[in-house]
Amino acid sequence: MEGILFHDMEISDSDFQRMTNFIQKEYGIDLSKKKQLITSRLSHSLRERGYQDFHSFLEHLLTKKSPDEIELIINKLTTNYTFFLREKDHFSYFQRTVLPELVRRHQKDHVLSIWSAGCSSGEEPYTLSIYLKEYFGAEASAWDTRVLATDISQQALAKARAGLYKKPADMPEDWLRRYFTQDKATGLYAVSPKIKSNVIFKSFNLMDPIRFHLKFDVIFCRNVMIYFNGETRDALVKRFHEAMLPFSYLFISHSESLGQNPLFRMAAPAIYQRR
């Protein structure tokens, strides 16, 4: 009934422990200090789905491992906030330093292997594609520069594949003209086919073994490891290292750190090169 206020559901310490252990083990996300966040963000959605309490939801989650319910947790408890040209200094370094190096290294095969890991709603891989198009210009068709973009959230990937956005702030006007088409009815900007076709979107859990076809020249994994504890982060960075070519680059966000990691050297703030 209208006007009735529903309070957050209670979650027992034992159920909280079971839930956080499951999410940590399966998805790497550390929610051990997020009890209030869990109850405040999930209570309404659980009631909408017919659950009377957290315990019955958790029993169902742990026995069925329903993709819908896992998706609900991930979307409610992590932030898919991103935007075009985020941390612009990274893209400047990518264009100015990384791409000339990679072009020299790949003169024979003309294949660059770039991964946007935790791509959210797609702005990062599309930004990378625009920079690649700008850098190669008329030579672009002679190179395979397709960007692999992965995320665990189906909701985020659906938005990324659609490629429809509000007017990107700070995007140069000539890039808007060249790489986007504005829909007059909605005002939304659609990513152009030449940029869209250069990105391959896949669902991927960063806790899984990394077994893609090629080893990577560049990995962007920004604002993902903020959800991981130190042990999970170090294990992921080790998997990245094994999946990368020598002297390749790993970009993380300015709010993250690799800790004292012997596998990489810092090339610039929040940019690391594989030793």
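All values derive from a computational prediction rather than experimental measurement. Throughout, numbering of the chain's residues begins at 1 and tracks the sequence.
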Visitor: Rounded to the nearest 0.5 Å, what separation is found between the NZ atom of Lys33 and the OG1 atom of Thr20?
Guide: 10.5 Å
Visitor: Kindly write out the residues that satisfy side chain to side chain contact (heavy atoms under 4.5 Å, CB included) with Lys194, not counting sequence neighbours, or none if the list is empty.
Guide: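 In terms of side chain to side chain contact (heavy atoms under 4.5 Å, CB included), with neighbours along the sequence ignored, Lys194 is linked to Lys133, Tyr179, Ser192.
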Visitor: Would Tyr131 and Tyr126 count as a close aromatic pair, with their ring centres under 6.0 Å?
Guide: no
Visitor: List in chain and number order the residues that pass side chain to side chain contact (heavy atoms under 4.5 Å, CB included) with His110, two or more places apart in sequence or in another chain; answer none if no residue qualifies.
Guide: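 In terms of side chain to side chain contact (heavy atoms under 4.5 Å, CB included), with neighbours along the sequence ignored, His110 is linked to Gln107, Ala142, Trp143.
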Visitor: Do the side chains of Met225 and Leu236 get nearer than 4.5 Å, heavy atoms only?
Guide: yes
Visitor: Would you say Thr78's side chain and Asn75's backbone share a donor-acceptor pair under 3.5 angstrom?
Guide: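 Flag not set: sc Thr78 to bb Asn75 has no pair under 3.5 Å.
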Visitor: Does a donor on one side chain and an acceptor on the other come within less than 3.5 Å for Ser253 and Asn223?
Guide: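 Checked: Ser253/Asn223 side chains pair up, N/O donor to acceptor below 3.5 Å.
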Visitor: Measure from the side-chain N and O atoms of Thr97 to the backbone N and O of Phe94, and report whether any donor-acceptor pair falls under 3.5 Å.
Guide: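 Pair absent, no side-chain N/O of Thr97 close to backbone of Phe94.
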Visitor: Can you pull the ring-ring contact (aromatic ring centres under 6.0 Å, His included) pairs that have at least one residue in residues 59-80, sequence neighbours excluded?
Guide: none
Visitor: What pairs with His254 under ring-ring contact (aromatic ring centres under 6.0 Å, His included), at least two apart in sequence or on another chain?
Guide: His90
Visitor: Taking atom types as modelled, find out whether Ser116 and Glu124 have a side-chain donor-acceptor pair closer than 3.5 angstrom.
Guide: yes
Visitor: In chain order, what residues pass the side chain to side chain contact (heavy atoms under 4.5 Å, CB included) check against Ala268, with sequence neighbours excluded?
Guide: Tyr93, Ile271
Visitor: In the hydrophobic cluster built from side-chain contacts under 4.5 Å, what are the other members alongside Phe247?
Guide: none
Visitor: Could you tell me which residues satisfy ring-ring contact (aromatic ring centres under 6.0 Å, His included) with Tyr135, sequence neighbours excluded, listed by chain and number?
Guide: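 Expected list: none.
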Visitor: For the backbone of Tyr227 and the side chain of Arg233, can you confirm whether one donor and one acceptor N or O come within less than 3.5 Å of each other?
Guide: no
Visitor: Do Ser32 and Gln24 pass the side chain to side chain donor-acceptor pair (under 3.5 Å) test, and can you show the C-alpha distance, the side-chain angles, and the key distance before you say yes or no?
Guide: CA-CA 9 Å; Ser32 59; Gln24 165 84 54; over 6 Å; no
Visitor: Any chance the side chains of Asp89 and Ser92 put a donor and an acceptor closer than 3.5 Å?
Guide: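 Looking only at side-chain atoms, Ser92 and Asp89 do not form any donor-acceptor pair under 3.5 Å.
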Visitor: Return the set of residues passing ring-ring contact (aromatic ring centres under 6.0 Å, His included) with Tyr165 (not counting sequence neighbours), or none when no residue passes.
Guide: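 Tyr165 satisfies ring-ring contact (aromatic ring centres under 6.0 Å, His included) with Phe84 only.
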Visitor: Taking only residues two or more places apart in sequence or in another chain, which ones pass salt bridge (charged side-chain N to carboxylate O under 4.0 Å, His left out) with Lys215?
Guide: none
Visitor: Holding to salt bridge (charged side-chain N to carboxylate O under 4.0 Å, His left out), I want the full list of residues that pass it with Asp217, two or more places apart in sequence or in another chain.
Guide: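 Per chain and number, Asp217 pairs via salt bridge (charged side-chain N to carboxylate O under 4.0 Å, His left out) with no residue.
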Visitor: Donor-acceptor pair, Arg274 side chain versus Phe264 backbone, under 3.5 Å?
Guide: no
Visitor: Residues in side chain to side chain contact (heavy atoms under 4.5 Å, CB included) with Asp234, at least two apart?
Guide: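 Checked Asp234 against side chain to side chain contact (heavy atoms under 4.5 Å, CB included); zero matches.
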Visitor: Members other than Leu214 in its cluster, when Ile, Leu, Val, Met, Phe, Trp, Tyr link by side-chain heavy atoms under 4.5 Å?
Guide: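 Members other than Leu214 - counting any ILVMFWY side chain reachable under 4.5 Å - are Val111.
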